[in-house]
Amino acid sequence: MYTSRLKNERTDALVKALLSLSNEEETYRVLEDLLTIREVGELSQRLEVAFMLRDGATYSEIVEKTGVSTATIGRVNRCLNYGAGGYALIFEKFAEDNK
């Protein structure tokens, strides 16, 4: 069983709150109140970078298409290779949804 380094009472509440959302509209509403526009953009960019890395894009291709720094690409790449497997879970969920 996986135990997150982030786990504590506060993050448990956050995770439960996110899991309680039942549709896209609710999720957008919570994201809008919980995060800044910039933070949502940064998270969205990281996810885009992860998909591009998975699909074999080079750092220079990713920088050109997204405008993110190579440091951000490196961070996402490290998570893909040595992280908790969160991006892999997202990839799996997207693949299931597209069947």
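Treat the numbers as computed from the prediction; the structure is a model and nothing was measured.
For Glu26 (side chain) and Ser22 (main-chain N/O), a donor-acceptor pair under 3.5 Å exists by modelled atom type.
Counting only heavy atoms from C-beta outward, the side chains of Thr27 and Leu18 never approach each other to under 4.5 Å. Residues Glu42 and Arg38 have side chains in contact (heavy-atom distance under 4.5 Å, counting atoms from C-beta outward). Residues Thr36 and Val40 are not in side-chain contact: their nearest non-hydrogen atoms beyond the backbone lie 4.5 Å or more apart. Put simply, the side chain of Glu48 does not reach to within 4.5 Å of the side chain of Ser44, judged on heavy atoms. Using a 4.5 Å heavy-atom cutoff, the side chains of Val76 and Leu47 are not in contact. Between Met52 and Thr66, the closest side-chain pair of non-hydrogen atoms falls below 4.5 Å. With contacts defined as side-chain heavy-atom distances shorter than 4.5 Å, the pair Gln45/Thr72 does not qualify. Side-chain contact between Leu53 and Val49: present, with at least one pair of heavy atoms (C-beta onward) separated by less than 4.5 Å.
Atom CG of Asn77 and atom CG of Asn81 lie 5.0 Å apart (nearest 0.5 Å). Separation of atoms OG1 (Thr11) and NZ (Lys16) is listed at 10.0 Å; rounding is to 0.5 Å.
When the side chains of ILVMFWY residues are joined at heavy-atom separations under 4.5 Å, either directly or via intervening members, Leu6 and Leu43 end up in two distinct hydrophobic clusters. Val68 is connected to Ile90 through a chain of hydrophobic side-chain contacts under 4.5 Å among Ile, Leu, Val, Met, Phe, Trp and Tyr, so both are in one cluster.
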Derivation of the side chain to side chain contact (heavy atoms under 4.5 Å, CB included) call for Leu80 and Arg54: CA-CA 8 Å; Leu80 286 170; Arg54 181 203 61 181; 5.6 Å; no
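Judged as a ring pair (Phe, Tyr, Trp, His ring centres under 6.0 Å), the pairs with a partner in residues 35-62 (not counting sequence neighbours) are, in order, Phe51-Phe91, Phe51-Phe94. Sorted by first and then second residue, the ring pair (Phe, Tyr, Trp, His ring centres under 6.0 Å) pairs with a member in residues 5-36 form an empty list; sequence neighbours excluded.
Contact detail for Ala57 and Ile62: the closest heavy-atom pair is CB-CG1, 3.8 Å.
Counting heavy-atom neighbours within 6.0 Å of Leu89 CG, excluding the residue itself, gives a total above 12.
With sequence neighbours left out, the salt bridge (Lys or Arg N to Asp or Glu O under 4.0 Å) criterion links Arg29 to Glu25.
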